[in-house]
Amino acid sequence: MTTDLATLRQQFPALVNKTYLNYGGQGPLPQAAIDAIGEAYDRVQKDGPFSKKINLWISQLTTQLRSTMAAELGVDGDTITLTENVTAGCNIALWGLNWKKGDRILLNDCEHPGVVAAIEELKRRFEIEIDICPIVETLNHRDPTDAICDRIDSRTRLVVLSHVLWNTGQVLDLEKIVKVAHNSDALVLVDAAQSVGLLPLKLADLGVDFYGFTGHKWWCGPAGVGGLYVSETAREHLHPTYIGWRGIEMDENGNPTGWKPNGQRYEIATSAYPLYAGLLAAIEGHQKWGTATERYKKICQNSDRLWQQLS
């Protein structure tokens, strides 16, 4: 693991002449990511946008990004959908389920307004019910995980929560919540805005159904690139809502013949592909610091040091 802090800081232009505290809004881009984005845009223009050569490169780039994301999340690359951000991923999961009048979603009072607004619109359109679990009051008093588990019952069809709460910083015991939800035949959608790039993750072991994440926070990648994990089991319940050429199979005449058999079925069309190169470079930079477990340990040590000195 690299230990020269001054050298590391020089890799991030945003840190020059600043005291920087990562509050979870957006991480600073490393110079390597900025360079990778610029070089990728140059490559597209030199090889020709939409040329066979550049389309092959784009295919290789997207495959590499899915594989890299999957490795960081502890899942198979076929389960990853490339998106623009967390909210886009959560909307894919929310709108792709076959809602029926009277279905119930369990929400809590610590979720991001973007996701809450989407669920409110689901309620209006499909006449579903929303249950709100109060967990703000658990801060420094009791376990929010227990509060959520206590509210899951046979009427719950979907549990929506954040792995790390964006407004209190609490880390939920996702494995426990998923087990309780699945025992009640409910699915679990996770807003992973603050957990990917922070926590060591093995989603396959946790059993979560949907996990929406972004690259521009703890991964310190460019804004505009994120992903959605959909387990193979949950994929059977989730239909595409936004549909485009990236998500479909086609015959030799270009006619659609069905969905892609993996997470690509929820992707739509053209994206800013050079940003993918930037995120890959950013993740590679994190990996040079050590394993996900080692990085998280260092984050906790720094947080504890700050807390003790403030106290």
Report summary line: CG (Leu165) and NE2 (His112) are apart, to the nearest 0.5 Å, by 13.0 Å

Query raised in the report: Is it true that the side chains of Glu111 and Ser162 contain a donor and an acceptor less than 3.5 Å apart?
Result: yes

Query raised in the report: With the 4.5 Å side-chain cut-off for hydrophobic clustering, are Leu172 and Phe210 part of the same group?
Result: no

Query raised in the report: How many angstroms lie between atom CH2 of Trp57 and atom CG of Asp47, to the nearest 0.5 angstrom?
Result: 9.0 Å

Requested in this report: Say whether, by atom type as modelled, one donor and one acceptor occur between the side chain of Asn85 and the main chain of Ala88 under 3.5 angstrom.
Outcome: yes

Requested in this report: Supply the atom-to-atom distance Lys176 NZ to Leu206 CG, rounded to the nearest 0.5 angstrom.
Outcome: 14.5 Å

Report task. Could you walk me through whether Phe213 and Asp191 pass side-chain contact (heavy atoms from CB on, under 4.5 Å), step by step? Result -> CA-CA 7 Å; Phe213 57 95; Asp191 178 331; over 6 Å; no

Query raised in the report: Charged N to carboxylate O under 4.0 angstrom, Glu175 versus Lys179?
Result: yes

Report task. Nearest 0.5 Å please: distance from the OG atom of Ser154 over to the CG atom of Asn183. Result -> 12.5 Å

Report summary line: CG of Leu203 to CG of Leu174, rounded to nearest 0.5 Å, is 8.0 Å

**Report entry** Cluster check Leu82, Leu201: I/L/V/M/F/W/Y, side chain < 4.5 angstrom
**Finding:** yes

Report task. Show your reasoning for whether side-chain contact (heavy atoms from CB on, under 4.5 Å) applies to Asp146 and Arg142. Result -> CA-CA 8 Å; Asp146 291 337; Arg142 61 192 182 96; 5.7 Å; no

Query raised in the report: Does Ile299 offer a backbone N or O that forms a donor-acceptor pair with the side chain of Ser303 under 3.5 Å?
Result: yes

Query raised in the report: Under the 6.0 Å and 45° cation-pi test, does Arg295 pair with Trp218?
Result: no

Query raised in the report: Do Leu189 and Val159 come close enough that some side-chain heavy atom pair is under 4.5 Å?
Result: no

Requested in this report: For Thr257 and Asp251, indicate whether the former's side chain and the latter's backbone hold a donor-acceptor pair under 3.5 Å.
Outcome: no

Report task. Ignoring hydrogens and angles, tell me if any N or O in the side chain of Glu84 forms a donor-acceptor pair with the backbone of Gly226 under 3.5 Å. Result -> no

**Report entry** Between Ser271 and Arg246: side-chain donor-acceptor atoms closer than 3.5 Å
**Finding:** yes

Requested in this report: Could you walk me through whether Glu121 and Arg125 pass the salt bridge (Lys or Arg N to Asp or Glu O under 4.0 Å) test, one step at a time?
Outcome: CA-CA 6 Å; Glu121 181 61 11; Arg125 291 196 194 184; 2.8 Å; yes

Requested in this report: Take the angle between the ring planes of Tyr211 and His163 and call it parallel below 30°, perpendicular above 60°, tilted in between.
Outcome: perpendicular

**Report entry** Test item: side-chain donor near acceptor, Asp209 and His182, under 3.5 Å
**Finding:** yes

**Report entry** Under 3.5 Å: donor-acceptor pair, side chain of Thr83, backbone of Gly227
**Finding:** yes

Report task. Check whether any side-chain N or O of Lys298 sits under 3.5 Å from a backbone N or O of Glu294 as a donor-acceptor pair, and report yes or no. Result -> no

Requested in this report: State whether Arg66 and Glu72 are salt-bridged, where the test is any N-O pair (Lys NZ or Arg NE/NH1/NH2 against Asp/Glu carboxylate O) under 4.0 Å.
Outcome: no

Query raised in the report: Between the side chain of Thr241 and the main-chain N/O of Trp95, is any donor-acceptor distance below 3.5 Å?
Result: yes

Report task. Using the side-chain contact (heavy atoms from CB on, under 4.5 Å) rule, pick out the option among Ile177, Val188, Leu73 that qualifies with Val208. Result -> Val188

Query raised in the report: Are side-chain N/O atoms of Trp99 and Asp103 paired as donor and acceptor at under 3.5 Å?
Result: no

Query raised in the report: Is Asp153 close to Ser184 at the side-chain level, that is, under 4.5 Å between some pair of heavy atoms?
Result: no

Query raised in the report: What's the verdict on side-chain contact (heavy atoms from CB on, under 4.5 Å) for Val116 and Leu107, showing C-alpha distance, side-chain angles and the deciding distance?
Result: CA-CA 8 Å; Val116 174; Leu107 197 58; 4.0 Å; yes

Query raised in the report: Do any N or O atoms from the side chain of Thr156 and from the backbone of Ile152 form a donor-acceptor pair under 3.5 angstrom?
Result: no

Query raised in the report: Do you reckon Leu161 sits in the same ILVMFWY cluster as Ile128, going by side-chain contacts under 4.5 Å, direct or chained?
Result: no

Report task. Ignoring hydrogens and angles, tell me if any N or O in the side chain of Asp173 forms a donor-acceptor pair with the backbone of Thr145 under 3.5 Å. Result -> no

Query raised in the report: Taking atom SG of Cys110 and atom CD1 of Ile132, what is their separation to the nearest 0.5 Å?
Result: 11.0 Å

Report task. Determine, step by step, whether Asp131 and Ile105 satisfy the side-chain contact (heavy atoms from CB on, under 4.5 Å) criterion, reporting the C-alpha distance in whole Å, the side-chain angles of both residues, the deciding distance to 0.1 Å, and the verdict. Result -> CA-CA 6 Å; Asp131 297 313; Ile105 292 179; over 6 Å; no

Query - Path from Val178 to Ile135 over hydrophobic side-chain contacts below 4.5 Å - result: yes

Query raised in the report: Is the closest side-chain heavy-atom distance between Pro261 and Glu249 below 4.5 Å?
Result: yes

**Report entry** Validation row: Leu29, Phe12 side chains within 4.5 angstrom (heavy atoms)
**Finding:** no

Query raised in the report: Looking only at atom types and distance, does a side-chain atom of Thr138 sit under 3.5 Å from a main-chain N or O of His141, one as donor and one as acceptor?
Result: no

Query - Sub-4.5 Å side-chain heavy-atom contact between Lys217 and Trp166 - result: no

Query raised in the report: Would you say Pro222 and Leu279 make side-chain contact, with heavy atoms under 4.5 Å?
Result: yes

**Report entry** Common cluster, Leu198/Leu8, ILVMFWY with side-chain heavy-atom separation under 4.5 Å
**Finding:** no

